[in-house]
Amino acid sequence: MPIHTGSVTAAAAGATGFNAFKDSGPLSLEREKEVVEGREREGLRCMVRQYLGRSTRSIYLGLAFLSLALHLLLALFCLSVLQTACFLPTSSSSSSSTPRTDTQRHQSNTSSSLAASSSHKLPTSPQNEEHHKLNVVLHHKERDSLSGTTEREKKLIGDGKLIQKVNGRSKLEALFEHPLYNLPHPELLQEDDWLLRVKTHEDARETGSEEEEKEDSITNDSQWQSASQEEGYDEVDWTSNVETHPPWLRFHLGISRRELYNRKDPNLAQLTHYLATQHILSAVQKTGGTQLKLLISFSNHGQALLKPMKQSRDAETDANLFYFSDFERHNAEISAFHLDRLLGFNRIPPVVGRLIDVTTEIREITTDHRLSRTFFTSPVGNVCFYGQCEYYCSTENPVCGQPHALEVSLAAMLPDLTLAPRRSWRSPWRRSYSRTKLAQWEKDPTYCDTVKQTLPYNHGTRLVDLIDMAILDFLMSNMDRHHYETFEKFGNETFLLHLDNGRAFGRHSRDEPSILAPLQQCCRIRRSTLFRLHLLSLPGFRLSDVMRESLAQDPLAGVAPLLSELHLSALDRRLATVLQVVQMCQRHHKDVIYNDMEGYDKEYDQELNLEKKVQ
Ligand SMILES: Nc1ncnc2c1ncn2[C@@H]1O[C@H](COP(=O)(O)OP(=O)(O)OP(=O)(O)O)[C@@H](O)[C@H]1O
Ligand SMILES: [Mn+2]
């Protein structure tokens with residue numbers, strides 16, 4: 001700042017001085033007029049001196065104002081940065097260092113609900129390169145200074161709107177403190193309840209080299225290997241001690257049969273911070289799927305799936321477009337993660353927004369020639385690229401920086417398929433993906449009866465899991481759920497991964513009732529899901545309010561709200577529709593509620609005051 005003030009001062013003084021002397025102009029040389037002219041000159045000099053005196057004073061005054069303004073700006077800027085509930089919880093979770101017998105992996109009570117996705121927010125600013133650079137620098141500097149963010153600062157969100165607090169708690173805090181979000185669960189004691197584990201020394205001695213090879217592949221991410229050499233990557237010195245693990249590894253080690261992450265795990269905040277700030281080492285196109293996406297690698301071997309911003313946040317999908325022609329939205333990926341978490345599902349990998357520099361963080365570092373070939377500068381000077389993919393990868397559909405800054409979503413990558421294979425399941429309610437054909441479920445009102453008798457939907461929680469997913473998709477209007485995945489290791493007794501949410505939140509003015517078909521046709525719902533939906537419909541926890549608050553924690557919320565108010569209120573409207581459908585079901589069917597709350601204590605009833613509503 002002093003440098004700027006200094007240079008501004010010099011420039012201002014120079015410009016004023018130049019004008020003053022120019023005003024004094026050359027005088028005539030005629031002798032007779034010399035005296036007069038001499039007097040005039042004298043007068044002029046006096047005027048110049050006076051003028052200079054005055055102008056010097058005004059320069060000083062101006063400078064004082066300028067410096068005052070700059071300080072004010074700086075203060076405002078700092079305040080806007082400090083608004084985020086941004087802190088890095090201490091890395092010491094109560095996790096056991098031998099996660100195999102780990103029943104306390106996630107039992108940290110140090111993190112508040114806000115910690116779960118808190119990250120650094122960018123100040124409200126045009127997306128230009130200077131701001132971006134500034135932000136990147138800030139990301140690193142804030143790290144320590146913001147670790148003790150105060151309550152007051154936590155209240156401030158987005159565009160300076162205050163989050164309402166009741167009894168000192170925000171709605172989001174109150175929601176996550178509610179018993180429904182802290183239900184007792186049976187402990188996960190079995191080894192096969194956890195996706196991965198760290199091998200202890202004893203294991204290493206007992207087992208043969210085959211398993212060692214497998215372990216080694218943690219660092220040798222073969223499926224996503226880029227053409228680049230391993231240059232720039234940190235040496236791996238992780239041990240069985242969790243303290244030595246980078247956040248992405250802790251995320252992988254925390255995946256259980258029940259959920260993808262534990263909302264209370266302090267590592268979640270570290271992971272989102274990591275994704276939002278870590279230096280990008282490589283960027284290559286990720287194959288598979290239909291739209292352009294990049295695989296990002298970080299120096300400590302972490303990876304993320306990048307989806308770029310392709311359209312403005314408020315653009316409503318053209319009503320004449322089929323859902324399968326819709327572009328993906330980076331903000332939909334981010335918002336879906338938040339919504340899933342608010343519903344208590346925890347089935348979407350953490351996603352965070354980030355403002356990246358297309359030139360230095362993609363173009364200049366990529367070793368993917370198919371990608372680098374597609375870079376160009378647009379007529380208005382923005383750096384654009386389009387990559388190679390099945391659809392929309394053409395000059396007519398470019399991804400463009402402004403001129404270099406680009407908003408993207410970064411999703412934490414799941415463990416490599418060689419370590420943790422996944423099964424992809426075709427959704428029974430999959431759409432036909434044809435302009436003319438209807439899917440079976442659209443023609444047959446008794447379709448669910450068949451599904452209910454078919455494996456794996458005839459057993460365990462699979463059907464109600466699918467209905468949970470339909471509710472999530474209806475709320476965010478995602479028609480693109482053709483498949484879902486599960487981790488092979490957990491067999492059929494596990495949660496469903498809700499991957500690929502890029503086509504959600506396309507239209508706020510319309511709801512798509514057909515997305516709710518699984519609920520409508522099967523008339524079955526988890527008790528815990530229904531209770532939470534009721535809770536989210538109450539004014540004290542209103543879904544749109546907690547969603548607004550949750551999204552405000554994302555770094556990109558500083559640029560603009562991730563979802564417009566219209567999208568937020570659509571969530572409330574759709575939530576009411578879901579509850580109406582359940583009510584209809586209860587009127588006409590028995591056995592609507594799947595009781596997944598065996599350990600549910602009746603003493604919650606009064607507090608929730610929901611039992612009457614849902615019975
Ligand atoms: N966070 C993640 N970690 C690991 N793999 C992922 C992750 N997200 C998605 N994938 C995998 O990458 C594949 C493609 O991703 P995604 O579905 O988001 O792309 P897409 O182009 O939108 O696909 P589609 O066109 O089929 O809708 C997914 O099917 C999934 O298997
Ligand atoms: Mn997709």
Side-chain angles (χ1 to χ4, degrees), residues 195-196 218 221-226 247-249 251-252 254-255 259-261 268 271-272 274-275 284-298 301-311 317 321-337 340-341 346-354 371 386-393 397 399 408-427 430-431 433 469 473 476-488 495-506:
L195 187 64
L196 302 169
I218 287 187
D221 212 349
S222 54
Q223 197 209 354
W224 314 115
Q225 198 79 55
S226 78
W248 67 264
L249 182 56
F251 162 56
H252 287 182
I255 300 173
E259 57 190 1
L260 192 55
Y261 59 87
L268 212 49
L271 180 66
T272 49
Y274 167 83
L275 292 172
V284 293
Q285 271 198 87
K286 158 116 171 56
T287 49
T290 52
Q291 304 203 22
L292 177 69
K293 56 206 163 300
L294 304 181
L295 181 71
I296 297 299
S297 299
F298 304 115
H301 304 268
Q303 293 190 313
L305 189 66
L306 180 153
K307 293 200 178 180
M309 176 169 182
K310 291 204 80 166
Q311 52 193 341
T317 302
L321 270 190
F322 282 99
Y323 51 90
F324 49 80
S325 307
D326 191 12
F327 284 133
E328 298 209 317
R329 280 164 287 277
H330 74 308
N331 63 318
E333 292 284 356
I334 302 165
S335 306
F337 160 65
D340 174 86
R341 193 174 66 115
N346 308 336
R347 299 166 196 166
I348 297 184
V351 187
V352 68
R354 180 163 169 171
L371 176 66
Y386 52 87
Q388 284 182 15
C389 59
E390 269 180 65
Y391 298 96
Y392 314 119
C393 285
N397 293 294
V399 170
V408 300
S409 67
L410 290 178
M413 282 300 276
L414 296 171
D416 187 273
L417 289 172
T418 56
L419 274 180
R422 300 194 297 271
R423 179 172 293 196
S424 180
W425 302 81
R426 177 184 277 235
S427 166
R430 182 181 191 267
R431 285 167 200 279
Y433 286 77
M469 186 165 72
D473 285 335
M476 60 187 186
S477 211
N478 177 23
M479 299 170 80
D480 195 30
R481 188 75 65 193
H482 40 90
H483 286 77
Y484 62 86
E485 295 183 29
T486 56
F487 287 109
E488 195 92 66
F495 67 92
L496 314 185
L497 281 161
H498 303 156
L499 300 178
D500 187 15
N501 303 291
R503 284 196 175 121
F505 295 105

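Sequential numbering from 1 along the given sequence is applied to the chain's residues. Computed from heavy atoms alone, side chains included, the values below leave out hydrogens, waters and symmetry copies. Order of appearance sets the numbers: ligands from 1, and atoms from 1 within every ligand.
Neither the backbone nor the side chain of Cys389 has any atom closer than 4.0 Å to an atom of ligand 1 (non-hydrogen atoms only). Residue Glu390 does not touch ligand 1, judged by heavy-atom distances below 4.0 Å. Contacts with ligand 1 closer than 4.0 Å are made by heavy atoms of both the backbone and the side chain of Leu414.
Less than 6.0 angstrom separates the ring centroid of Phe298 from the ring centroid of Tyr274. You'll find the ring centres of Tyr392 and Phe327 inside the 6.0 Å limit.
Close approach of ligand 1 to Leu305 (heavy-atom distance below 4.0 Å) involves ligand atoms 7 (C), 8 (N), 9 (C). Each of the atoms 27 (O) of ligand 1 lies under 4.0 Å from some heavy atom of Asp480. Each of the atoms 12 (O) of ligand 1 lies under 4.0 Å from some heavy atom of Lys286. Counting the atoms of ligand 1 from 1 in the order shown, those under 4.0 Å from a heavy atom of Lys307 are 16 (P), 18 (O), 19 (O), 22 (O).
Ring-plane geometry between Trp425 and Tyr484 is classed as parallel, the angle between the planes falling under 30 degrees on a 0 to 90 degree scale with a further cut at 60.
Residues satisfying the salt bridge (charged side-chain N to carboxylate O under 4.0 Å, His left out) test with Arg423, not counting sequence neighbours, are Glu488. Under the rule for a side chain to side chain contact (heavy atoms under 4.5 Å, CB included), the partners of Ser477 that lie at least two apart in sequence or sit in another chain are Glu512, Ile515, Arg574. Residues passing the side chain to side chain contact (heavy atoms under 4.5 Å, CB included) test with Ala336, sequence neighbours excluded: Ile348, Met476, Asn501.
Of the possible polar contacts, one joining the Arg329 side chain to the Ala504 backbone as a donor-acceptor pair under 3.5 Å is found. Between the Arg431 side chain and the Met479 main chain, a donor and an acceptor come within less than 3.5 Å of each other. Judged by distance alone, with hydrogens and angles left aside, the side-chain atoms of Asp340 form a donor-acceptor pair with the main-chain N or O of Arg347 at under 3.5 Å. Remark: the backbone N or O of Pro349 is not paired with any side-chain donor or acceptor of His498 at under 3.5 angstrom.
Remark: distances from the non-hydrogen atoms of Ala304 to ligand 1 are all 4.0 Å or more. Under the 4.0 angstrom criterion for non-hydrogen atoms, Pro349 is in contact with ligand 1. The shell of residues lying under 4.0 angstrom from ligand 1, judged by heavy atoms, excludes His483.
Of all protein atoms, those of element N, O or S that lie under 2.8 Å from the Mn ion (ligand 2) number 3.
Considering backbone and side-chain atoms alike, Arg503 places every N or O at 3.5 Å or more from each N or O of ligand 1. At under 3.5 Å, a nitrogen or oxygen of Ala412, whether backbone or side chain, sits near a nitrogen or oxygen of ligand 1.
Looking at Glu333, His482, Arg422, it is Arg422 that brings a heavy atom closest to atom 5 (N) of ligand 1. When Glu485, Arg481, His498 are checked for heavy-atom proximity to atom 31 (O) of ligand 1, Glu485 turns out nearest.
At a threshold of 4.0 Å, the pair Arg481-Asp473 counts as salt-bridged, since one of the basic side-chain nitrogens sits closer than that to a carboxylate oxygen.
Between Lys307 and the options Glu328, Gln291, His330, a side chain to side chain donor-acceptor pair (under 3.5 Å) holds for only Glu328.
No side-chain donor-acceptor contact under 3.5 Å links Ser424 and Glu485.
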